[in-house]
Amino acid sequence: MTTTLAYAAQNATSPLAPFNIERRAPGADDVQIDILYCGVCHSDLHTARNEWKNTLYPSVPGHEIVGRVTAVGTNVSKFKLGDIAGVGCMVDSCQHCASCGDGLEQYCENGFTGTYNGPVFGGENTFGGYASRIVVKQKFVLKIRHAESDLAAVAPLLCAGITTYSPLRQWGVEKGHKVGIVGLGGLGHMGVKIAAAMGAQVVLFTTSANKAEDAKRMGASDVVLSTDPQAMAAHQNSFDFILNTVAAQHDLDPFIALLKRDCTMTLVGAPEHSHPAPNVFGLIFKRRRLGGSLIGGIRETQEMLDFCAEHGIVSDIEIIAMKEINTAYERMLRSDVKYRFVIDMATLS
Ligand code: NAP
Ligand code: ZN
């Protein structure tokens, strides 16, 4: 065991503050990583504040981790000392159910182990990336092929990147498709970049008029203010796919009305309070579908990282010091982040 400095929430209302945790000594299959950067996901905030009513305290969030390998177990062949490595939202799963067999550990029928907040279905708590070090099974550690100078901006790919890449692939987005991305936050801005790299015609739906220029620079061909009914109506029945990343409860019907016949809007945003049920006629008259998607499996996460390295895709980030995390959460709630906060872990010591 090594005592490791981290930042934790002790309950739903107290700010995050320094806290010592124990990391296990690396076992035969483990990779020990000294964390360089950790992205700040809205899920970290939902968890720290117990908005999903399942938080185990103390809670150390953080699941967009990049760092340097500082020890490996005897069975580890994928990594050696000094390598750059990534860790996303999962650190284990049962490895024998049908979903694990399909490389979809995020849908493990026995419950995957989250990088933080532990096994969803019981067991010990786990502590995430707001820490100077983490020890993870080799199987759940990702290879980073981007240049080392891009590392801070690569960290958000480990959650925001895969959470948008996976549904874009699953719903068959390809060249020429008209794809809507709802919300330009951490997830949304990765969705815009990745969908554009897949060849889609991307339209951003936002509540923040001041984000339009940024969205176009990231690859959107059009930006629609979702609070303007006329602008929304101009796009009715025209989308092949819509990815909704919004972190707050809202009316889904105006977006469902934008889908072509037989097309789908997939939800990845996971707000504290669920959206009102959609109007059934909006779905049945055009055989439209409403879907959901959770992060992505380990194999697909590696595929996404390689895709992003090949297409020169990284996140737009604002680097913060660890002690600025509580202010960063407040700014995230005001949609005031361009477009992902990333903690420089050197500021933790
Ligand atoms: P974020 O950076 O805070 O972005 C969320 C965006 O939603 C905001 O930038 C804003 O975009 C829009 N928004 C916020 N409040 C809104 C409101 N009241 N009405 C309409 N739009 C609003 O959050 P994130 O890190 O991207 O995460 C987004 C959501 O996805 C969170 O709920 C998070 O927990 C969830 N998530 C899910 C998965 C999964 O596997 N499914 C994985 C990671 C995260 P505009 O300013 O452009 O309107
Ligand atoms: Zn996340």
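In each ligand, atom 1 is the first atom listed, and ligand 1 is the first ligand listed.
Here the heavy atom of the protein found nearest to atom 2 (O) of ligand 1 is Gly186 N, 2.9 Å. In this structure, atom 20 (C) of ligand 1 lies nearest to the protein heavy atom Thr207 CG2, 3.5 Å. Closest to atom 37 (C) of ligand 1, if we only count protein heavy atoms, is Val268 O, 2.9 Å. In terms of protein heavy-atom proximity, atom 1 (P) of ligand 1 is closest to His42 ND1, 3.7 Å. The protein non-hydrogen atom at the shortest distance from atom 39 (C) of ligand 1 is Thr163 CG2, 3.4 Å. In this structure, the protein non-hydrogen atom closest to atom 10 (C) of ligand 1 is Ser335 OG, 3.5 Å. Of the protein's non-hydrogen atoms, the one nearest atom 30 (O) of ligand 1 is Gly269 CA, 3.3 Å.
Side-chain contact check for Thr206 versus Ser226: every heavy-atom pair is 4.5 Å or farther apart. Side-chain atoms of Tyr165 and Glu303, non-hydrogen and from C-beta on, do get closer than 4.5 Å to each other. Two residues are said to be in side-chain contact when any heavy atoms from C-beta on lie closer than 4.5 Å; Val223 and Lys211 fail this criterion. Using a 4.5 Å heavy-atom cutoff, the side chains of Val203 and Phe239 are in contact. Counting only heavy atoms from C-beta outward, the side chains of Gln106 and Met90 approach each other to under 4.5 Å. Contact of the Val31 side chain with the Phe140 side chain is not registered, since no non-hydrogen atoms from C-beta on lie closer than 4.5 Å.
Heavy atoms of Phe341 stay at 4.0 angstrom or farther from ligand 1. At a 4.0 Å cut-off, at least one heavy atom of Met332 sits close enough to ligand 1 to count as contact.
At least one N or O atom of Ile295, backbone or side chain, sits closer than 3.5 Å to an N or O atom of ligand 1. Residue-to-ligand polar distances keep Leu294 apart from ligand 1: every N/O pair is separated by 3.5 Å or more. Here's the thing with Ser293: one of its N/O atoms is less than 3.5 angstrom from an N/O atom of ligand 1.
Formation of a donor-acceptor pair under 3.5 Å by the Thr245 side chain with backbone atoms of Val182 is found in this model. Of the possible donor and acceptor atoms, none in the side chain of Arg133 sits under 3.5 Å from a partner among the backbone N and O of Ile35.
Within ligand 1, counting atoms from 1 as listed, the ones closer than 4.0 Å to a heavy atom of Arg340 are 24 (P), 25 (O). Atoms of ligand 1 lying under 4.0 Å from any heavy atom of Ala248, numbered from 1 in the order shown and given with element: 15 (N), 16 (C), 17 (C), 18 (N). Residue contact check: Cys159 has heavy atoms under 4.0 Å from atoms 42 (C), 43 (C) of ligand 1. Ligand 1 places these atoms under 4.0 Å from at least one heavy atom of Leu184: 9 (O), 11 (O), 45 (P), 47 (O). Shown in contact with Lys211 at under 4.0 Å from a heavy atom are these atoms of ligand 1, numbered in order with element: 9 (O), 11 (O), 45 (P), 46 (O), 47 (O). Residue contact check: Trp52 has heavy atoms under 4.0 Å from atoms 34 (O) of ligand 1. Using a 4.0 Å cut-off to heavy atoms of Val246, the atoms of ligand 1 that qualify are 7 (O), 13 (N), 16 (C), 20 (C), 21 (N), 22 (C). Atoms of ligand 1 found under 4.0 Å from any heavy atom of Gly183 (numbered from 1 in listed order, with element): 11 (O), 47 (O).
A salt bridge links Arg145 to Asp306: one of the charged nitrogens lies within less than 4.0 Å of a carboxylate oxygen.
For atom 6 (C) of ligand 1, the nearest non-hydrogen atom from the set Ser208, Ala212, Gly185 comes from Gly185. When Ile181, Thr206, Val182 are checked for heavy-atom proximity to atom 47 (O) of ligand 1, Thr206 turns out nearest.
At a cut-off of 3.5 Å, with distance as the only test, no side-chain donor of His63 or Ser43 sits close to an acceptor on the other residue. A donor-acceptor contact closer than 3.5 angstrom links the side chains of Asp44 and Tyr116. Under 3.5 Å, the side chains of Asp34 and Thr70 contain a donor-acceptor pair of N or O atoms.
For the Zn ion (ligand 2), the set of nearby N, O or S atoms under 2.8 Å includes none belonging to Cys89.
With the Zn ion (ligand 2) as vertex, Cys159 SG and Cys41 SG subtend 130°, rounded to 10°.
Within the 4.0 Å heavy-atom criterion, the part of His46 lying near ligand 1 is the side chain and not the backbone.
At least one cation-pi condition fails for Arg261 and Phe285: the charged atom is not both under 6.0 angstrom from the six-membered ring centre and inside a 45 degree cone around its axis.
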